Amino acid sequence: MLTPKKSNRRKNTRFEVNIDGHYFYQDDWIKCKIYDLNINGACLWLKQFFIIGDIIKVRFGLNENELNTFDTVVANVNGPRIGIQFTNLDEFDRTFINKVISANSKYFKI
């Protein structure tokens, strides 16, 4: 009997965005580009080498005055692009991410 293949792909819908963000590395916030976002994680374009399992802080928001910092773990790496999963999200964080998606995705509005 065949068993279904377990998928490690995100279960929630992914939204294409174009957001400036920052990640924390060596005591400094470094600019990156967020091009894919959902409530579970994001995809980043950056100029830093990470490996799966690395824990990093990522900061993004609606504008320069409304930023939020998230704890994340690197889930996949493809050259200068990495996929991250958010950790320790509370209801405020989820609401904030949904607002960012709504404001920045041309395909979805909440």
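This structure is a prediction, so every number in the text was calculated from the model and none was measured. Counting from 1, the numbers follow the sequence of the chain as shown.
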Please lay out, stage by stage, how I84 and F70 fare under the test side-chain contact (heavy atoms from CB on, under 4.5 Å). CA-CA 11 Å; I84 57 170; F70 300 92; over 6 Å; no

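Checked against C43 for a side chain to side chain contact (heavy atoms under 4.5 Å, CB included), the options N76, I34, V17, D36 give a single hit: D36.
For Y35, the ring pair (Phe, Tyr, Trp, His ring centres under 6.0 Å) test picks out no residue, with sequence neighbours left out. Partners of W45 by ring pair (Phe, Tyr, Trp, His ring centres under 6.0 Å), not counting sequence neighbours: none found. Not counting sequence neighbours, Y25 has no partner by the ring pair (Phe, Tyr, Trp, His ring centres under 6.0 Å) test. The side-chain contact (heavy atoms from CB on, under 4.5 Å) check on F49 picks up I51, with sequence neighbours excluded.
I56 is listed as a side-chain neighbour of I82, based on a closest heavy-atom distance under 4.5 Å. Counting only heavy atoms from C-beta outward, the side chains of F92 and N68 approach each other to under 4.5 Å. The shortest distance between side-chain heavy atoms of I97 and L89 falls below 4.5 Å. Considering only heavy atoms from C-beta on, Q85 stays 4.5 Å or farther from N40 through its side chain.
Among residue pairs with one or both ends in residues 72-91, none qualify as salt bridge (Lys or Arg N to Asp or Glu O under 4.0 Å); sequence neighbours excluded. A salt bridge (Lys or Arg N to Asp or Glu O under 4.0 Å) check over residues 54-64, counting only residues at least two apart or in different chains, returns the pairs K57-D71.
V73 and I52 are assigned to two separate hydrophobic clusters, defined by single-linkage of ILVMFWY side chains at heavy-atom distances under 4.5 Å. Follow the hydrophobic side-chain contacts under 4.5 Å out from V77 and you reach L46 in the same cluster. Cluster annotation: F50 is not connected to F24 through the hydrophobic network of ILVMFWY side chains, with a link wherever side-chain heavy atoms come within less than 4.5 Å.
Nearest heavy atoms, A103 versus L62: CB-CD2, 3.9 Å. Scanning both residues, L37 and A42, for their nearest heavy atoms gives CD1-CB, 3.8 Å. Across every non-hydrogen atom of E66 and F96, the tightest pair is O-CZ, 3.5 Å.
Once rounded to the nearest 0.5 Å, the distance linking CG of N38 with OG of S105 reads 11.0 Å. Atom OH in Y23 sits 9.5 Å away from atom CG in L44 (nearest 0.5 Å).
Ring geometry for F86 versus F60: interplanar angle of 30 to 60°, hence tilted.
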